[in-house]
Visitor: 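Structure in structure tokens, see below.
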Amino acid sequence: MKYYSTNRQAPQATLAEAVIRGLAPDKGLYMPEAIIPLPEVFYETIAQLSLHEVALAAAGRLFADDVPSDILSEIVEDTLSFPIPLVPLNDRIYALELFHGPTLAFKDVGARFMARLLGYFIRKRGEGEVHVLVATSGDTGSAVANGFLGVEGIRVHVLYPKGKVSLIQEKQFTTLGRNVTALEVDGTFDDCQALVKAAFTDPELTAHLHLTSANSINMARFLPQSFYYFHAYAEWLRAGGKGKLVVSVPSGNFGNLTAGLFAHRMGLPVYRFLAANNMNHPVCDYLDSGVYEPHASMPTLANAMDVGAPSNFARILDLYDGNHEAISSLIGGSWYTDDDIRDVVRRVFDTTGYILDPHGACAYLALETRLRPGEQGIFLATAHPAKFTDTIERILGKRPPVPQRLAAFLSGKKQTVPMTREFDDFRQYLLAL
Ligand SMILES: *Cc1c(COP(=O)(O)O)cnc(C)c1O
């Protein structure tokens, strides 16, 4: 399979090239030249298939040209080594819990898959060490660091703003050691991001080191997220789901929703999607008006969705040739304020005992307000509520139970490299590697 850039000014790439590079040389995002539907018989028998079998069928369609089937099967197995349950909240709405992985958020899926696929390509091509740079305001850093931990041939450098991430988030990427280094930057998240961007465009650095990024612009990170949409459908059928299926996705950079659109292109019978946003909602505005105006982001309770210029929007436009009518008839958008989030977390807990996290809360609310007669909905519960203990405690007056895995991080010892916000200091650090 060949991959083209959404900007169409770069040569086509192989999967290995697209994954190692991340962004295309013309700054566009890579797309596969074809998305081939799975056969009808697959959908007729999907309810009898396990998570691994379903994921492997989808992975085969996407990656079989470039990865031998035994290796692909191993990668899929390693990636999805935790359960993804579908939990009914009422007779029409289900939660797909994507937060039972090592860092309790759905980004574990993409990060683990990407780490293993990149590791495979590096070994196969006999490349030297690859350095993954990741700027984080919390959650991406932990998923990427844990996903790449111990993968041979790859070193991860996590840049985070000193004193601006929660203790539990910080512990998830500063206590790992091995091939993961945490850089504690005396600055903001934007400073961290600027340092990473500057590194990628520094000719001396890129000649000296093999640098890549692990955010959802990378094919290998966002595409495996399509696997669990197939699994959601299979679980829904097993649970006796009826009518038209609507899937609601809490969205920031829109990698997760884009993966769902790929599954849809592969024939998955999702009737329509809902994109749930917080106060940062340029895509919702586009869906309503056809006009897309990215803006600077603003902080909200659902902070992993605080994105004012979502990178994967370019992929959505590309999938539907920029046709607003096609896009807005398949995807509906709804956005919510912090007050809406507080209200729904409280109300759902009072009526069902279920604790929503602030991100899943937006997606639940979108279903509650927008499901039509004859439809049933699944929302993606993207993070465990215990990752947002303080927010949840302020809303419910009680702390959500903390899973063992999360508690285990807290006992680790923090190790960081202090860093200023000056690019020259970061540059010297990289040149010395
Ligand atoms: C990253 C993240 C999102 C947003 O996902 P995108 O793929 O960027 O749209 C939503 N919820 C949580 C908990 C996240 O960590």
Visitor: For the backbone of A47 and the side chain of R238, can you confirm whether one donor and one acceptor N or O come within less than 3.5 Å of each other?
Guide: yes
Visitor: Indicate whether the side chain of S248 and that of R370 have a donor and an acceptor atom separated by less than 3.5 Å.
Guide: no
Visitor: Tell me whether D338 contacts the main-chain N or O of L301 through its side chain, where contact means a donor paired with an acceptor under 3.5 Å.
Guide: yes
Visitor: Report yes if the distance between the aromatic ring centroids of H100 and F82 is under 6.0 Å, otherwise no.
Guide: no
Visitor: So how far is it from L98 CG to Q225 CD, rounded to the nearest 0.5 Å?
Guide: 9.0 Å
Visitor: If you count heavy atoms of other groups shown closer than 6.0 angstrom to CD of Q428, is the number above 12?
Guide: yes
Visitor: What I want to check is whether the side chains of S216 and N253 have a donor and an acceptor closer together than 3.5 Å.
Guide: no
Visitor: Could you tell me the separation between the CZ atom of F106 and the CG atom of D108, rounded to the nearest 0.5 Å?
Guide: 10.0 Å
Visitor: ring-ring contact (aromatic ring centres under 6.0 Å, His included) with F63: which of Y120, Y3, F113?
Guide: F113
Visitor: Can you check whether L433 reaches L430 side chain to side chain, under 4.5 Å on heavy atoms?
Guide: yes
Visitor: Quick one: which of R272, R92, K242 gives a salt bridge (charged side-chain N to carboxylate O under 4.0 Å, His left out) with E375?
Guide: R272
Visitor: Is it true that a side-chain atom of H208 and a backbone atom of L431 form a donor plus acceptor pair closer than 3.5 Å?
Guide: yes
Visitor: Within the side chain of T136, is there an N or O that forms a donor-acceptor pair under 3.5 Å with the backbone of G141?
Guide: yes
Visitor: Between F222 and F262, does the ring centroid distance fall short of 6.0 Å?
Guide: yes
Visitor: At their closest point, which heavy atom of V76 faces which heavy atom of A59, and how far apart are they?
Guide: CG2-CB, 3.8 Å
Visitor: Does any N or O in the side chain of N179 come within less than 3.5 Å of the main-chain N or O of F148, such that one atom is a donor and the other an acceptor?
Guide: yes
Visitor: About how many Å separate CG of L149 and CG of L176, when rounded to the nearest 0.5 Å?
Guide: 5.0 Å
Visitor: Can F379 and Y364 be said to form a ring-ring contact (aromatic ring centres under 6.0 Å, His included), step by step?
Guide: CA-CA 6 Å; F379 70 95; Y364 170 86; 5.7 Å; yes
Visitor: For the pair H295 and H281, name the ring-plane relationship: parallel under 30°, tilted 30 to 60°, perpendicular over 60°.
Guide: perpendicular
Visitor: A side-chain contact here means heavy atoms from C-beta on lying under 4.5 Å apart; do K162 and M419 qualify?
Guide: no
Visitor: Treating R315 as the side-chain partner and G255 as the backbone partner, does any N or O pair qualify as donor plus acceptor under 3.5 Å?
Guide: no
Visitor: Quick check: closest heavy atoms across A57 and L38, and the distance to 0.1 Å?
Guide: O-CD2, 3.7 Å
Visitor: Verify the neighbour count for atom CH2 of W236: are there more than 12 heavy atoms of other residues, nucleotides or ligands below 6.0 Å?
Guide: yes
Visitor: Just by modelled atom types, is the L209 backbone N or O under 3.5 Å from a matching donor or acceptor in the H131 side chain?
Guide: no
Visitor: Might you confirm whether atom CD of E40 has over 12 heavy atoms from other residues, nucleotides or ligands at distances under 6.0 Å?
Guide: no
Visitor: In Å and rounded to the nearest 0.5 Å, what is the CZ to OG1 distance from F200 to T206?
Guide: 10.0 Å
Visitor: Using the six-membered ring of Y320, assess whether NZ or CZ of R265 lies under 6.0 Å from its centre and within 45 degrees of the ring axis.
Guide: yes
Visitor: Other residues, nucleotides and ligands only: do more than 12 of their heavy atoms fall within 6.0 Å of CZ on F423?
Guide: yes
Visitor: Among R421, K414, K164, find the one that has a salt bridge (charged side-chain N to carboxylate O under 4.0 Å, His left out) with E184.
Guide: K414
Visitor: Under a 3.5 Å threshold, yes or no: a donor from one side chain and an acceptor from the other, between D70 and S73?
Guide: no
Visitor: Should E33 and M1 count as side-chain neighbours, where that means a heavy-atom distance under 4.5 Å?
Guide: yes
Visitor: Is there side-chain contact between Y233 and I378, with heavy atoms separated by less than 4.5 Å?
Guide: no
Visitor: Between R427 and D202, is there a salt bridge with N-O shorter than 4.0 Å?
Guide: yes
Visitor: May I ask you to decide if F173's main-chain N or O and N146's side chain share a donor-acceptor pair within less than 3.5 Å?
Guide: no
Visitor: When rounded to the nearest 0.5 angstrom, what distance separates CG in D78 from CZ in R116?
Guide: 4.5 Å
Visitor: For the backbone of L287 and the side chain of H324, can you confirm whether one donor and one acceptor N or O come within less than 3.5 Å of each other?
Guide: yes
Visitor: Would you name the heavy atoms of A302 and N278 that are closest together and state the gap between them?
Guide: O-ND2, 3.0 Å
Visitor: Are N280 and V307 packed together at the side-chain level, in the sense that at least one heavy-atom pair is separated by less than 4.5 angstrom?
Guide: no
Visitor: How close do V132 and S213 get, heavy atom to heavy atom, and via which atoms?
Guide: CG1-C, 4.4 Å
Visitor: So which heavy atom on G322 is nearest to which on Y286, and how close?
Guide: O-OH, 4.2 Å
Visitor: What is the distance from atom CG of L195 to atom CG of D190, rounded to the nearest 0.5 Å?
Guide: 11.0 Å
Visitor: Look only at the side chain of N218 and the backbone of V19, and say whether a donor-acceptor pair between them is shorter than 3.5 Å.
Guide: yes
Visitor: Is the shortest side-chain N to carboxylate O distance from R8 to D318 below 4.0 Å?
Guide: yes
Visitor: Check A366 against L274 and note the closest heavy-atom contact, atom names and distance.
Guide: O-CD1, 3.6 Å
Visitor: Under 4.0 Å between a side-chain nitrogen and a carboxylate oxygen: does that hold for D357 and K387?
Guide: no
Visitor: If you measure only the distance, is there a donor-acceptor pair under 3.5 Å linking the side chains of N256 and Y228?
Guide: yes
Visitor: Look at the aromatic rings of F388 and H359 and report parallel, tilted or perpendicular, splitting at 30° and 60°.
Guide: tilted
Visitor: Regarding D26 and S5, is there a side-chain donor-to-acceptor distance under 3.5 Å anywhere?
Guide: yes
Visitor: State, without any angle test, whether S311 and N215 hold a side-chain donor-acceptor pair at a distance under 3.5 Å.
Guide: no
Visitor: Flag the pair Y160 / T174 as yes when at least one side-chain heavy-atom distance between them is below 4.5 Å, and no otherwise.
Guide: yes
